[in-house]
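Since the structure comes first, as structure tokens, the remarks are kept for the end.
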Protein chains: 4
Amino acid sequence: MPRPANTDERRAQITRAFQSILARQGYDGAAIADVARAADLSPGLLHYHFKSKLEILLAVLDGLVERHDRGLSRRLARSAGDPVAELGAFIDFHLGLGSEADPEALACWIVLSGEALRTPRVQKAFARALASMVERLTAILDRGVASGVFRGADPALAAPALVASIEGYFVLAATAPGIIPAGSAATSLKRMAHGLLQPDRPFGPAPKRR
Amino acid sequence: MPRPANTDERRAQITRAFQSILARQGYDGAAIADVARAADLSPGLLHYHFKSKLEILLAVLDGLVERHDRGLSRRLARSAGDPVAELGAFIDFHLGLGSEADPEALACWIVLSGEALRTPRVQKAFARALASMVERLTAILDRGVASGVFRGADPALAAPALVASIEGYFVLAATAPGIIPAGSAATSLKRMAHGLLQPDRPFGPAPKRR
Amino acid sequence: MPRPANTDERRAQITRAFQSILARQGYDGAAIADVARAADLSPGLLHYHFKSKLEILLAVLDGLVERHDRGLSRRLARSAGDPVAELGAFIDFHLGLGSEADPEALACWIVLSGEALRTPRVQKAFARALASMVERLTAILDRGVASGVFRGADPALAAPALVASIEGYFVLAATAPGIIPAGSAATSLKRMAHGLLQPDRPFGPAPKRR
Amino acid sequence: MPRPANTDERRAQITRAFQSILARQGYDGAAIADVARAADLSPGLLHYHFKSKLEILLAVLDGLVERHDRGLSRRLARSAGDPVAELGAFIDFHLGLGSEADPEALACWIVLSGEALRTPRVQKAFARALASMVERLTAILDRGVASGVFRGADPALAAPALVASIEGYFVLAATAPGIIPAGSAATSLKRMAHGLLQPDRPFGPAPKRR
DNA sequence: GATGAATGAGGCTTCATTCAT
DNA sequence: TATGAATGAAGCCTCATTCAT
């Protein structure tokens, strides 16, 4: 007899609108009233479905992470079993040619990194998301080491390094467009991966072949 | 009988206090009143010396960049002339073992990246700072290529890639402590530089030597 | 095929929950949603059974008064016919050794006195409750005067005075615990009653007996 | 050179306006905006001079207590040295014929008792005020006992009892006007004091004189 | 009778900025 | 230069009440 519950849809609707405002105006700049307007809801309703503004932010982060994880899984599935291909897919998924590019998500990600700095709950969730990325990449590298394709590599060091680089590309893409030559990100990161996952060679002129 | 001008000291005093609050509370969270209290000045005075809060933020950014540039120059001077050593110095300066580590500056830098997202003037200054880093690194790499130590490298791609990685390490260090194995950052980045600045080798088992 | 009416139970259920919240959070602090949760009902239902929040408050007051009156009658019945005993019972009932103490009801009573100050309907009901107490006590005293045990007393003055004292004890018990020596209230009030219900004697040293 | 500080006046101005609204509308009903309007100040200014609404309430309480204490001291001074007169003055000061009556202060006092119920800081201050009243009265009674005018009295019980009665008269005066016969309060309380401060006599007909 | 989503007004508080002195 | 009081616009959040189902 009561009106059918629609909490899930509403929460999604709110989260969507919040994410869009968040990308453009940052967390403090994202007024609840703005979000309500964007979602075409009354302001009070946002607080009916979320206890506080922070909860909405965390919901946005959750959504971002979940979509990221699902997308990554799908992408990795194509090259399952081949660590080199998986590594390439991992890199392409994150830095690939804009096919999956989502500037809004990217901007939110940067905003979230800023909030992680000063809000423990955001910090925890943000760090967890990064840790999960590192774990997945570590697993790939481990398999590569086991199969002998990544010689002399320590996945426990290489994975965080690659994730850091990806994160850095994100920041530069969002804040200093033009600094990264178009289309170069994935290629460059792959070369960096080569450096990490192969034995060092000294810099210098090509060794003379006898 | 005008009192002696002390604008410069005052501005420095204000900038210092603002930076400290900024690192802890973010831009919107940094109330002018808080800053004034931290600087032991009256709130009104901040607006006497700075037209607006944003101007203080930009002054902080300027100061950060200037100190960074001076420090980098000093560090590079030690290895002047040797591109490989300079590259190592560049990396160590940014990711080295905490000798120069300044968590406050780091946090401000993250905060600034977030503000760059939504404030054109910050964006411009932030991007300029990054561009300048890329330029300096590019010059080093160029010299290395010219001298034959960096074979098959394209400094125009490699420099942004390395700067992106550094930026990424910054973000992770500030937001997800513990994800980067202690002391590994500079080492890993150097290996990544090897990958970028040397000809590719295919992944795989070590070639048999005849 | 109407479902069986349960309005009365529901109203009692709501009133009970409201009283409990009221004691702890005051009138403005008692959110309908809180009350609904405490009563394990939906918020909408409260307004189905009560026209407004104020009506619930008045229902609580009614309930309080009714229970008080019933309890008092029961207590007085034991000493029916003896004005001195009835007076003692009246005092004990209100200030007795905690046997009947109900801190929740006490707190609500204080809250209600505050609301009486600014809400005419509460004021009226609150004053009526006090007037009824005064009336009952007056009747007792009247009988005592008639029978000669209360000499020189004016029940029209004495009854309000005793009720005021009881009210004062309530306030102190609820707001300044510890100020009233434990167990002293009823005893003290009985002595005060002696003062009211007997001819004055001047203060001073005991008269010399010849 | 700066504008002369006027914090004290402003705080007094705000406290005054708040007290006036408080008496009429209660604590929750006293909107900061209302108070600002009544004080002819901008709303923001109230929070410049007081950290929160609660602080204003506490300032009101402080002011009330201070004025009460000063007034009481002045009144007692007239009968210094004579415990009986002091007791009378104490009672008259609180319940006297409206000469000092301040309905606004009275209403605030009731409101404060309600807030004491649920706000620890108010509770503490409120209880302290009552304790101070009890102390002063106890001192008077002690002297009376020492000098033999109050025979068989225990000031540690009598003082709280009298203060409770005064408090009760306050509540009734504010919430149930008309219940206390005009002009009877002080007289009745004095008779109650007789009961408390003299040896008990059994109720009953006047003893036959021989 | 019952549900719980929805509304929208209003409350407290914060804060960048201005200004009289 | 310097002070700190003053302003007023938002901002987040709460809540009594209504209403579609």
Side-chain angles (χ1 to χ4, degrees), chain A residues 1-7 9-11 28-36 41-56, chain B residues 2-7 9-10 27-37 41-56, chain C residues 2-7 9-10 27-37 41-56, chain D residues 1-7 9-11 28-36 41-56:
Chain A
M1 219 166 318
R3 171 185 307 186
N6 59 349
T7 305
E9 302 155 45
R10 279 286 182 263
R11 286 177 65 101
D28 289 285
I32 289 287
D34 293 348
V35 178
L41 296 173
S42 72
L45 198 54
L46 301 223
H47 278 91
Y48 179 78
H49 289 290
F50 288 94
K51 214 181 61 201
S52 72
K53 190 177 165 180
L54 178 58
E55 300 291 336
I56 315 186
Chain B
R3 66 192 76 182
N6 57 355
T7 304
E9 303 158 43
R10 280 284 184 261
Y27 181 63
D28 289 278
I32 290 289
D34 291 350
V35 177
R37 202 173 312 116
L41 296 173
S42 69
L45 201 53
L46 299 224
H47 276 86
Y48 180 83
H49 288 290
F50 288 94
K51 212 183 63 201
S52 73
K53 191 178 167 180
L54 179 57
E55 300 292 336
I56 316 185
Chain C
R3 66 190 75 183
N6 58 353
T7 303
E9 303 159 42
R10 282 283 184 259
Y27 181 63
D28 288 279
I32 290 289
D34 290 351
V35 177
R37 202 173 311 115
L41 296 175
S42 69
L45 200 54
L46 299 224
H47 275 86
Y48 180 82
H49 289 289
F50 288 93
K51 212 184 64 203
S52 73
K53 191 177 164 179
L54 178 58
E55 300 293 335
I56 315 184
Chain D
M1 219 167 316
R3 169 187 306 187
N6 60 348
T7 305
E9 302 154 47
R10 280 284 182 265
R11 286 177 63 101
D28 289 285
I32 290 287
D34 293 347
V35 178
L41 296 173
S42 71
L45 198 54
L46 299 223
H47 278 91
Y48 179 79
H49 289 289
F50 288 94
K51 215 181 62 202
S52 70
K53 190 178 167 181
L54 178 58
E55 300 292 336
I56 314 184

- Item | Integer-rounded Å distance: F:dT14 P and C:K53 NZ | 14 Å
- If each of C:G44 and B:D28 is mapped to the nucleotide of DNA chain E with the nearest heavy atom, which maps nearer the 5' terminus, i.e. the 5' end? C:G44
- Task: Identify which nucleotide among F:dA6, F:dT1, E:dA6 has an atom closest to any side-chain atom of B:T7, counting heavy atoms from C-beta outward.
- Result: F:dT1
- By the Watson-Crick or G-U definition, both distances under 3.5 Å, F:dA20 is matched with E:dT3
- Task: Rounded to the nearest angstrom, tell me the gap between atom CD in B:E55 and atom C1' in E:dT17.
- Result: 14 Å
- Message: From the set F:dA5, E:dC12, E:dA5, return the single nucleotide nearest to any side-chain atom of D:L45.
- Response: F:dA5
- Tell me which of C:L41 and D:S52 sits closer to the 5' end of DNA chain E, going by the nucleotide each one is nearest to. C:L41
- Starting from the C-alpha separation in whole Å, work towards a yes-or-no answer on side-chain contact (heavy atoms from CB on, under 4.5 Å) for A:L41 and A:H49. CA-CA 11 Å; A:L41 296 173; A:H49 289 290; over 6 Å; no
- Task: Report the distance from atom CZ of A:R11 to atom C1' of E:dG4, rounded to the nearest whole Å.
- Result: 15 Å
- Heavy atoms only: give me the nearest B:S42-B:A36 pair and the separation to one decimal. C-CB, 4.0 Å
- Considering only the C1' atoms, how many Å lie between E:dG1 and F:dT21, rounded to the nearest integer? 13 Å
- Query: Mind checking who E:dG10 pairs with, Watson-Crick or G-U wobble, both distances under 3.5 Å?
  - Reply: F:dC13
- Using a cut-off of strictly less than 4.0 Å, decide whether D:H47 has a side-chain nitrogen or oxygen near OP1 or OP2 of E:dT14. no
- Task: In whole angstrom, give the distance that lies between atom CZ of C:R37 and atom P of E:dA2.
- Result: 19 Å
- Query: Within the pair C:H49 and E:dA2, is there a side-chain N or O less than 4.0 Å away from OP1 or OP2?
  - Reply: yes
- Atom CG of B:D34 and atom P of F:dG4: how far apart are they, to the nearest Å? 16 Å
- Query: Can a side chain N or O of D:N6 be found less than 4.0 Å away from OP1 or OP2 on F:dG4?
  - Reply: no
- Message: What is the separation between atom OH on B:Y27 and atom P on E:dA16, rounded to the nearest whole Å?
- Response: 8 Å
- Message: With a 4.0 Å cutoff (strictly under), does any side-chain N or O of A:Y48 reach OP1 or OP2 of E:dA5?
- Response: yes
- Query: Just how far, in rounded Å, is C1' of E:dG8 from CD1 of A:I32?
  - Reply: 15 Å
- Between A:V35 and A:L46, which heavy-atom pair has the shortest distance, and what is it? CG1-CD1, 3.7 Å
- Query: How would you label the contact of B:A36 with the nucleic acid (heavy atoms, under 4.0 Å): base, sugar-phosphate, or nothing?
  - Reply: nothing
- Note on the structure: Scanning both residues in full, the closest heavy-atom pair of C:K53 with C:H47 reads N-NE2, 4.4 Å
- More 5' along DNA chain F: C:A31 or A:P43, using each one's nearest nucleotide? A:P43
- Task: Indicate whether OP1 or OP2 belonging to E:dA2 is found under 4.0 Å from a side-chain N or O atom of C:R10.
- Result: yes
- Return the 5'-most residue of the pair D:L46, A:K51 with respect to DNA chain F, ranking by each residue's nearest nucleotide. D:L46
- Task: Give the nucleotide from the list E:dA2, F:dA5, F:dC12 with an atom nearest to the side chain of C:S42.
- Result: E:dA2
